[in-house]
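Keep in mind it's a predicted model, so treat the numbers as computed, not measured. Excluded from the calculations below are hydrogen atoms, water molecules and symmetry mates; all remaining heavy atoms, backbone and side chain alike, are included.
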Amino acid sequence: MSKKLIIAEKPSLAMKICAGIGKMEKSDGYWENEDYIVTFAFGHLFELKSIEQYLNCEKGKWTMEQLPFFPEQFAYILKDDSGVKKQYGIIKKLYQRKDVTGVINAGDPDREGSVIILNILHELEKETGIEKPVERIWLTATTPEFVSQALHNLKPEEAYGNLYEEGLTRTYVDWLWGINFSRYVTLKTGGFFPVGRVLTPIVKFIYDRDVVISKFQKEIYYEIAGSFQKDGMEIKSKLKNVRFTSEQKKAGEQLCTDLFLKLKVTSELEAVVAKVESKEVTKNSPKLFSLDKLQNKMSKDYKYSSAETLELTQKLYEKGYVTYPRTNTEYLATAEKGSVGALLEKLSARENISLELRESKSIFDDSKIEGHTALIITEKELEGLSEKEENVYRTIKNRFICNFLKEKTILQETEVEIHIGEYVMELRGTAIVSEGFLKYEPIKSEKMLSVFKEGEVIDEIQLSLEEKTTKPPAHVNEAELNGFLKNPFKKSDMEEEEEDYKAILQGCEIGTVATRAGIIQNALRYEYIKKEKNAFFITDKGTAFIHALEQLGIDMEKTKTVEIGMDLKKVFRNEETLQSVVEKTKKEIAKVINSNRETDVQMERTSTRGEIGICPICGGNVMEGKKNYYCSNYREKNCGFVLWKVVAKKELTKDQIIQLLEKGKTSLIKGFTKNAGGTFSACLVLDEEGKVGFQFPKRKEKK
């Protein structure tokens with residue numbers, strides 16, 4: 001009997017597929033029944049070779065003579081990991097079985113999923129000489145019902161066009177940029193400076209904002225504030241379009257005095273309600289979530305980082321509670337109306353709320369979908385989640401309910417104008433008439449106003465000159481950074497949606513929603529930026545990094561990154577080939593490196609969070625790792641200096657390490673453990689080769 005071999009991207013997905021198939025027998029590394037064999041990868045089993053592997057030499061000191069480096073042909077190699085090698089061997093045996101007549105690619109539904117699984121299949125074909133037909137299962141959700149349905153709607157791998165070619169192009173281009181420029185900048189600066197196609201514009205965006213803030217000159221100005229009591233409420237506003245510079249302060253004080261005299265003493269003026277306008281407004285709910293909009297929401301409401309939100313949402317997807325999370329759209333496909341309608345019926349009964357299928361283009365719009373659709377919940381009932389997972393799930397569920405709630409959200413908006421002679425005070429207020437979606441996703445509304453009537457005179461109004469100070473722009477936050485990466489050329493918030501989706505479809509995004517969170521984490525790990533509360537700041541090392549790129553002629557800002565992204569989309573649309581984009585990239589890299597080969601960048605020593613001293617061997621920075629302290633020149637100068645945090649079972653303090661680096665010797669340290677048991681005290685000393693040894697205190701002579 002013939003069977004199909006299903007290769008999932010990871011073990012958790014394989015188990016979800018088994019649940020959708022039904023009863024299966026478990027074996028080492030796979031499951032099987034009479035129709036299917038389900039096995040799995042661990043994400044990428046293969047990785048691109050390093051420069052040293054292409055040159056067939058040992059890892060050693062980086063040199064300018066190796067750069068630029070372009071392999072004649074890109075080659076993947078199986079990761080040097082025992083678990084990976086074992087699982088690949090299992091997949092290979094299953095693939096060679098005679099009863100396996102076809103393969104189902106169960107990679108994540110994106111270009112990266114295509115690369116992971118098809119790289120395995122291409123290697124299997126090369127090693128075994130066997131080629132089998134490949135179909136794709138497109139799992140936007142992982143509930144048993146959805147998996148079962150998807151298995152009956154398989155498509156040939158070819159139906160997904162150039163998704164794999166686009167993924168390979170992205171991998172090759174990023175390797176070329178990253179490997180060549182990371183080594184180039186590191187060698188030219190004498191410090192370790194990784195460079196990346198998406199990493200660099202992230203750092204530059206934060207750097208540019210901090211430069212503006214540092215150069216900002218505060219200015220003092222004055223406004224005339226007005227306040228009065230009405231119906232037990234204190235109401236405050238200001239005179240519209242009245243503003244004085246610091247040099248005009250006396251004019252402001254004079255105007256306050258004149259208005260006071262005319263209002264209170266001579267009665268020449270009255271504060272009169274000149275206009276009262278109230279209208280009911282039906283408010284539309286916020287759109288369904290794309291990943292970046294969910295990340296922004298969780299950052300605002302729960303202070304979760306983008307990386308944490310992605311991790312939690314991915315877990316919810318793998319457990320079958322939400323649809324595929326790595327999506328850049330807030331819209332559903334028109335083909336999903338039937339399944340959404342069925343979900344609404346179940347959710348209405350389960351939650352005891354009135355929901356209806358709204359076939360609005362603000363929800364269902366195929367023109368704003370590139371691959372995956374908006375992130376929504378599935379029919380699976382909630383159980384056994386962590387508190388953080390529940391927070392993410394509830395946020396996605398509430399947004400889904402908001403979009404299909406029968407009850408409308410109606411607000412009463414009121415605008416009042418109070419005239420004081422030629423001057424105007426404006427008041428605005430909002431009241432809720434029908435709560436609607438605000439039950440599930442409250443928004444901050446303005447303070448409610450008292451009742452005003454046209455012609456009403458306001459008594460006892462107080463006017464005062466208030467000093468104000470102009471404020472610099474805020475530091476970049478998580479939501480702003482996500483918005484920049486989604487569309488770096490957005491002109492204004494008014495154009496947000498159309499501009500964003502035009503950018504997405506043309507390839508103008510910087511990175512993808514699936515990768516940005518990890519790259520932001522890399523920028524933090526490399527200490528180019530730091531994060532305090534919800535804001536990002538450039539570091540000294542990040543500033544040095546940007547300056548080095550400028551001196552070395554490396555254009556890795558948003559324009560260049562977007563240009564590469566657009567080339568990737570052209571590969572997908574058959575407007576460019578993988579080879580043409582790679583050759584274009586090689587020419588640009590060669591031009592930069594060869595034009596600046598004689599340029600040397602003098603770097604000031606920068607202080608970073610991890611730096612604690614100077615390497616006694618090469619003069620580099622000694623950095624703190626998880627288990628040790630190491631020299632930052634371990635790659636570019638092959639410096640092997642290292643200090644372990646635990647010596648003879650005694651955990652050293654950072655102050656002791658700093659003392660050892662500065663003086664070559666520590667004070668007496670107690671609590672070292674002997675091999676045979678028992679403890680001893682000693683000083684730690686550094687020799688000329690950077691090795692650590694013990695120096696024991698002199699014993700007192702016995703009388």
Side-chain angles (χ1 to χ4, degrees), residues 4-15 17 27-32 37-60 66 69-98 100 102-108 110-137 157 163-180 182-183 194 196 514-515 518 522 578 582 635:
K4 289 186 178 180
L5 175 63
I6 301 175
I7 306 177
E9 186 168 317
K10 53 182 76 85
S12 57
L13 181 58
M15 287 187 281
I17 293 171
S27 297
D28 185 15
Y30 66 97
W31 294 261
E32 184 172 3
I37 302 171
V38 180
T39 188
F40 52 85
F42 299 118
H44 287 279
L45 298 187
F46 290 87
E47 59 187 0
L48 284 174
K49 286 183 175 181
S50 66
I51 290 180
E52 288 76 18
Q53 287 169 328
Y54 282 115
L55 296 175
N56 197 26
C57 64
E58 292 184 4
K59 287 186 176 181
Q66 292 176 335
F69 181 84
F70 307 131
E72 291 184 14
Q73 187 172 356
F74 282 97
Y76 280 91
I77 188 170
L78 191 65
K79 288 183 176 180
D80 188 16
D81 178 276
S82 58
V84 166
K85 290 178 178 178
K86 177 186 175 183
Q87 189 59 25
Y88 178 70
I90 291 170
I91 297 171
K92 184 175 179 179
K93 286 181 181 179
L94 295 172
Y95 181 81
Q96 290 176 294
R97 279 175 44 168
K98 291 183 179 179
V100 172
V103 179
I104 297 175
N105 173 357
D108 279 353
D110 53 25
R111 70 186 181 193
E112 203 65 17
S114 294
V115 171
I116 288 171
I117 304 301
L118 292 183
N119 275 352
I120 294 172
L121 291 175
H122 290 164
E123 189 64 26
L124 289 172
E125 290 172 4
K126 185 169 66 176
E127 290 181 10
T128 66
I130 302 169
E131 187 173 343
K132 296 184 178 183
V134 182
E135 296 174 293
R136 186 77 183 263
I137 184 171
E157 184 66 47
L163 200 61
Y164 177 61
E165 291 290 302
E166 181 190 354
L168 281 183
T169 308
R170 197 275 308 166
T171 305
Y172 295 169
V173 167
D174 282 357
W175 188 94
L176 290 169
W177 282 99
I179 289 289
N180 280 283
S182 292
R183 296 193 178 202
T515 59
N522 284 343
L578 181 157
V582 167
R635 288 191 179 185

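- Counting heavy atoms from C-beta on, the side chains of Asn119 and Leu168 come closer than 4.5 Å.
- In this structure, Pro71 and Trp175 have side chains that are in contact, with non-hydrogen atoms separated by less than 4.5 Å.
- No side-chain donor-acceptor contact under 3.5 Å links Glu135 and Asn105.
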Show your working on side-chain contact (heavy atoms from CB on, under 4.5 Å) between Leu48 and Thr171 and close with a plain yes or no. CA-CA 9 Å; Leu48 284 174; Thr171 305; 3.6 Å; yes
Do Phe69 and Leu55 pass the side-chain contact (heavy atoms from CB on, under 4.5 Å) test, and can you show the C-alpha distance, the side-chain angles, and the key distance before you say yes or no? CA-CA 10 Å; Phe69 181 84; Leu55 296 175; 3.7 Å; yes
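- Between the CD1 atom in Ile117 and the CD1 atom in Ile104 there is a gap of 12.0 Å [rounded to 0.5 Å].
- Scanning both residues, Gly29 and Gln87, for their nearest heavy atoms gives O-NE2, 3.2 Å.
- For the atom pair CZ (Arg111) and CD (Glu165), the distance works out to 13.0 Å, reported to the nearest 0.5 Å.
- Proximity of a side-chain donor or acceptor of Glu9 to a complementary backbone N or O of Phe40 within less than 3.5 Å is not detected.
- Residue Ile6 holds its CD1 atom at 14.5 Å from OH of Tyr30, rounded to the nearest 0.5 Å.
- Residues Phe42 and Gly83 approach most closely at CE1-O, 3.6 Å, considering heavy atoms.
- Nearest heavy atom pair, residue Ile120 against residue Ala41, reads CD1-CB, 3.8 Å.
- Between Tyr76 and Tyr172, the angle of the ring planes lies from 30° to 60°, which puts this pair in the tilted group.
- Ion pair Lys79/Glu47 not flagged as a salt bridge, since none of the NZ, NE, NH1 or NH2 atoms sits closer than 4.0 Å to an Asp/Glu carboxylate oxygen.
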Test Val100 against Lys4 for side-chain contact (heavy atoms from CB on, under 4.5 Å), laying out the working first. CA-CA 6 Å; Val100 172; Lys4 289 186 178 180; over 6 Å; no
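- Between Leu13 and Ala106 the shortest heavy-atom distance is CD2-O, 3.3 Å.
- Residues passing the ring-ring contact (aromatic ring centres under 6.0 Å, His included) test with Tyr164 are His122, sequence neighbours excluded.
- Here the shortest heavy-atom pairing between Ile130 and Tyr95 reads O-OH, 2.7 Å.
- How far CD1 of Ile116 is from CG of Leu121: 12.5 Å, rounded to the nearest 0.5 Å.
- Close placement of the Tyr88 and Phe46 rings is indicated, their centers lying within 6.0 Å of each other.
- Side-chain contact between Phe70 and Asn180: present, with at least one pair of heavy atoms (C-beta onward) separated by less than 4.5 Å.
- For residues 112-124, the salt bridge (Lys or Arg N to Asp or Glu O under 4.0 Å) pairs, not counting sequence neighbours, are Glu112-Arg170, Glu123-Lys126.
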Assess the residue pair Arg136 and Ser114 against the criterion (side-chain contact (heavy atoms from CB on, under 4.5 Å)); give the C-alpha distance rounded to whole Å, side-chain angles, the decisive distance to 0.1 Å, and a yes or no. CA-CA 9 Å; Arg136 186 77 183 263; Ser114 294; 2.8 Å; yes
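- Screening residues 84-97 for salt bridge (Lys or Arg N to Asp or Glu O under 4.0 Å) gives Asp28-Lys86, Glu32-Arg97, Asp80-Lys85, Lys92-Glu127, Arg97-Asp99 as the qualifying pairs, with residues at least two apart or on separate chains.
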How far apart are the C-alpha atoms of Arg183 and Glu52, what are their side-chain angles, what is the distance that settles it, and do they pass the salt bridge (Lys or Arg N to Asp or Glu O under 4.0 Å) test? CA-CA 13 Å; Arg183 296 193 178 202; Glu52 288 76 18; 3.0 Å; yes
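- We find the CD1-CD1 distance between Ile91 and Ile7 to be 5.5 Å, quoted to the nearest 0.5 Å.
- The line from NZ of Lys10 to CG of Asp108 is 4.0 Å long, rounded to the nearest 0.5 Å.
- Distance alone, capped at 3.5 Å, is enough to place a donor-acceptor pair between the Tyr54 side chain and the Ala75 backbone.
- Between Lys132 and Glu125, none of the side-chain N atoms (NZ, or NE/NH1/NH2) sits under 4.0 Å from a carboxylate O, so this pair counts as no salt bridge.
- Nearest heavy-atom pair, Leu78 versus Leu45, reported as atom, atom and distance to 0.1 Å: CD1-O, 3.5 Å.
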